[in-house]
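A short worksheet on the structure shown next.
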Amino acid sequence: MPELPEVETVARGLRETILGRRILSVRLNKTDFIDDPAAIERNVPGRRIEAVERYGKFMLLRLSSSSDNDSGASLLVHLGMTGHLVPKPAAAPSEKHTHVWFALDDGRELRYTDARRFGRMAYLAGKELRDELQRFGAEPLDIDDAEFARRIRGRRARIKSLLLDQSVLRGVGNIYADESLWCAKIHPARLGSSLNARQAAALRRALQEILRKAIHLRGSSISDFLDAEGEPGNYQLHHRAYGREGKKCHRCGALIRRAIVAGRSSYFCPCCQPAPRGARALPLPKRVRRLPPNWAESRRLSAGRNAKGGAARL
DNA sequence: CGTTGAACCTGTTTGC
DNA sequence: TGCAAACAGGTTCAAC
């Protein structure tokens with residue numbers, strides 16, 4: 001589910017709702033997605049949430065230091081594909097697949113729910129934390145043309161693979177990789193080293209514009225993304241490539257195609273995004289893929305929220 | 001270096 | 001209708 005814009009949306013929401021709260025206690029259900037469950041039970045209770053930051057697709061809950069050398073001690077939360085982190089009144093019934101409850105000092109609980117448990121949670125401080133964060137690449141919203149070109153044009157891997165590689169850029173996932181490649185008219189199977197400076201610059205610009213706009217619209221809700229208020233995002237209404245196999249390209253009218261690149265479904269316009277040698281799209285399916293279950297619901301909410309601009313059609 | 005496929009786990013959609 | 005296969009926005013690891 002969550003890529004950079006979705007995680008940013010959740011982080012902003014939490015910043016407004018739980019900043020400054022003290023965590024009184026922790027309750028755990030399944031723990032196979034937690035690095036060291038005992039470390040959380042031991043270190044988190046009694047701490048205050050002093051900041052909520054996003055780092056790539058991670059959320060960092062910065063905790064007040066309890067004593068010694070644990071300054072900057074943080075709770076790292078990665079939502080995986082189906083994770084939700086939402087504060088609820090302690091009396092509210094817990095959703096299915098809730099695995100962590102942080103009791104707050106105001107009668108609420110910050111709850112982590114994750115059906116697939118592809119997420120990750122860890123308590124990290126000091127060098128452990130620094131080492132963990134160091135593994136990741138540049139922040140996509142901050143990177144400049146020179147740095148972007150350095151990280152992309154020197155590589156022989158496919159551009160799609162590079163965009164998804166968290167040690168190259170932190171926070172880009174399948175949706176925003178495809179959307180920015182469509183916008184910059186670059187085929188996902190192109191090699192990083194095959195892009196000229198102009199194309200790299202166009203891609204960096206497309207990526208940043210799309211991420212900013214997606215954050216503005218509170219992320220994309222394809223099936224089950226919900227922000228920290230339990231609301232879906234609206235950016236899925238602006239997708240130009242992702243999930244649009246067999247539909248018309250908004251630029252040229254050709255039918256959007258799908259191919260597996262870097263092991264992931266990749267959507268592109270065969271006309272605007274010319275394929276490198278050997279890259280082939282999958283045959284178009286007989287029937288267009290069905291819309292995700294809460295599409296109508298998302299559209300309804302977006303209609304209310306963005307009253308002015310007729311929401312783009314899928 | 002880079003690619004591919006499998007694995008982690010559950011829910012939903014698709015295809016026969 | 002029913003059931004099995006395919007698929008899902010993520011990451012990691014082994015094997016080649």
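Just so it is clear: chains get the letters A, B, ... in the order the sequence lines come, proteins before strands, and each one is counted from 1.
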Euclidean distance, atom NE2 of residue His84(A) to atom P of dT10(B) [Å, nearest integer]: 16 Å

Does the pair Glu209(A) and Lys213(A) meet the rule for a salt bridge (charged side-chain N to carboxylate O under 4.0 Å, His left out), with working shown? CA-CA 6 Å; Glu209(A) 281 179 359; Lys213(A) 183 163 183 187; over 6 Å; no

Which nucleotide wins on minimum distance to the side chain of Tyr267(A), given the candidates dT3(B), dA8(C), dT11(C)? dA8(C)

Measure CG/Asp165(A) against C1'/dT11(C) and give the value in whole Å, please. 11 Å

Do the side chains of Ser74(A) and Leu61(A) get nearer than 4.5 Å, heavy atoms only? no

Please convert DNA chain C into dot-bracket. A pair counts if it is Watson-Crick or G-U wobble with both distances under 3.5 Å; crossing pairs go in [ ] and bases paired with another strand get |. .|||||||.|||||||

Residues, nucleotides or ligands: over 12 heavy atoms within 6.0 Å of Arg62(A) CZ: yes

Could you tell me the separation between the CG atom of Leu4(A) and the P atom of dG10(C), rounded to a whole number of Å? 12 Å

Atom CE of Met59(A) to atom C1' of dG10(C): distance rounded to whole Å? 14 Å

Distance between P atoms of dG10(C) and dC1(B) (Å, rounded): 24 Å

Quote, to the nearest angstrom, the C1' distance that separates dG5(B) from dC7(C). 16 Å

Specify the residues of residues 147-156 of chain A, ordered by number, for which at least one heavy atom lies under 4.0 angstrom from an atom of DNA chain B. Arg155(A), Arg156(A)

List the atom pairs, donor and acceptor, that lie under 3.5 Å between side-chain atoms in residues 273-284 of chain A and the rest of the protein, sequence neighbours left out.
unit_1	atom_1	unit_2	atom_2	d
Gln273(A)	OE1	Cys269(A)	N	2.7
Gln273(A)	NE2	Leu181(A)	O	3.3
Gln273(A)	NE2	Ile186(A)	O	2.9

Is the phosphate of dG10(C) approached by Thr82(A) (side-chain N or O, under 4.0 Å from OP1 or OP2)? no

For Ser64(A), enumerate each residue passing the side-chain hydrogen bond (donor to acceptor under 3.5 Å, both in side chains) test, keeping only those at least two apart in sequence or located in another chain. none

Answer yes or no: does a side-chain N or O of His78(A) lie under 4.0 Å from OP1 or OP2 of dG10(C)? no

Same hydrophobic cluster for Tyr235(A) and Leu141(A), using side-chain heavy-atom links shorter than 4.5 Å among ILVMFWY? yes

Between Phe58(A) and Ile260(A), who's closer to the 5' end of DNA chain C by nearest nucleotide? Ile260(A)

Please figure out whether Gln166(A) or Arg116(A) has its closest DNA chain C nucleotide nearer the 5' end. Arg116(A)

Do Ile256(A) and Phe268(A) make a side-chain contact, defined as non-hydrogen atoms from C-beta onward lying under 4.5 Å apart? no

Fellow cluster residues of Leu133(A), listed by chain then number, with links counted only when side-chain atoms sit under 4.5 Å apart: Tyr55(A), Phe58(A), Leu60(A), Leu76(A), Leu124(A), Leu129(A), Phe136(A)

Strictly below 4.0 Å, N to O, side chains only: are Glu229(A) and Arg218(A) in salt-bridge contact? yes

Name all pairs fulfilling the side chain to side chain donor-acceptor pair (under 3.5 Å) condition that reach into residues 137-146 of chain A, sequence neighbours left out, sorted by first residue then second. Arg54(A)-Glu139(A), Asp145(A)-Arg204(A)

Below 4.0 Å: OP1/OP2 of dG11(B) and any side-chain N or O of His97(A): yes

Interatomic distance where CG belongs to Leu79(A) and P belongs to dT11(C) [whole Å]: 11 Å

Starting from Leu164(A), walk the hydrophobic network (Ile, Leu, Val, Met, Phe, Trp, Tyr; side-chain heavy atoms closer than 4.5 Å) and list everyone else you reach, by chain and number. none

Any base atoms under 4.0 Å from Gly263(A), or only sugar-phosphate, or nothing? Heavy atoms, all strands. nothing

Contacts to DNA chain B from residues 180-194 of chain A, heavy-atom cutoff under 4.0 Å, which residues? none

Face-to-face stacking of Phe118(A) with dT11(C), centres under 5.5 angstrom, angle under 30°: no

Rounded to the nearest Å, what distance is computed from the CG atom of residue Leu163(A) to the P atom of nucleotide dT11(C)? 13 Å

Hydrophobic cluster of Val261(A), others only, ordered by chain and residue number, side-chain cut-off 4.5 Å: none

Out of dT3(B), dC9(B), dG10(C), which has the shortest distance to the side chain of Asp32(A)? dC9(B)

Results of salt bridge (charged side-chain N to carboxylate O under 4.0 Å, His left out) for Asp36(A) - residues two or more places apart only: none

Distances under 3.5 Å only, N/O to N/O: pair up the protein atoms with those of nucleotides 12-16 of chain C.
unit_1	atom_1	unit_2	atom_2	d
dT12(C)	OP1	Arg135(A)	NH2	2.7

Any residue meeting side-chain hydrogen bond (donor to acceptor under 3.5 Å, both in side chains) with Tyr123(A), in chain and number order, not counting sequence neighbours: Arg47(A)

Does Arg117(A) put a side-chain nitrogen or oxygen below 4.0 Å from OP1 or OP2 of dT10(B)? yes

How about Arg156(A): does its CZ atom have over 12 heavy atoms from other parts shown lying under 6.0 Å from it? no

Taking OP1 and OP2 of dG11(B), is either one under 4.0 Å from a side-chain nitrogen or oxygen of Lys96(A)? yes

Which nucleotide, dA8(C), dG10(C), dG11(B), lies nearest any side-chain atom of Asn174(A)? dG10(C)

Would you say dT10(B) has OP1 or OP2 under 4.0 Å from some side-chain N or O of Lys30(A)? yes

Could you tell me if Arg244(A) sits above the aromatic ring of Trp182(A), with its cationic atom closer than 6.0 Å to the ring centre and no more than 45 degrees from the axis? no

Let me know the distance between CD of Glu6(A) and C1' of dA8(C), rounded to the nearest Å. 14 Å

For Lys160(A) and dG10(C), give me the distance from atom NZ to atom C1', rounded to whole Å. 13 Å

If the P atom of dA6(B) is compared with that of dA5(C), how far apart are they to the nearest Å? 15 Å

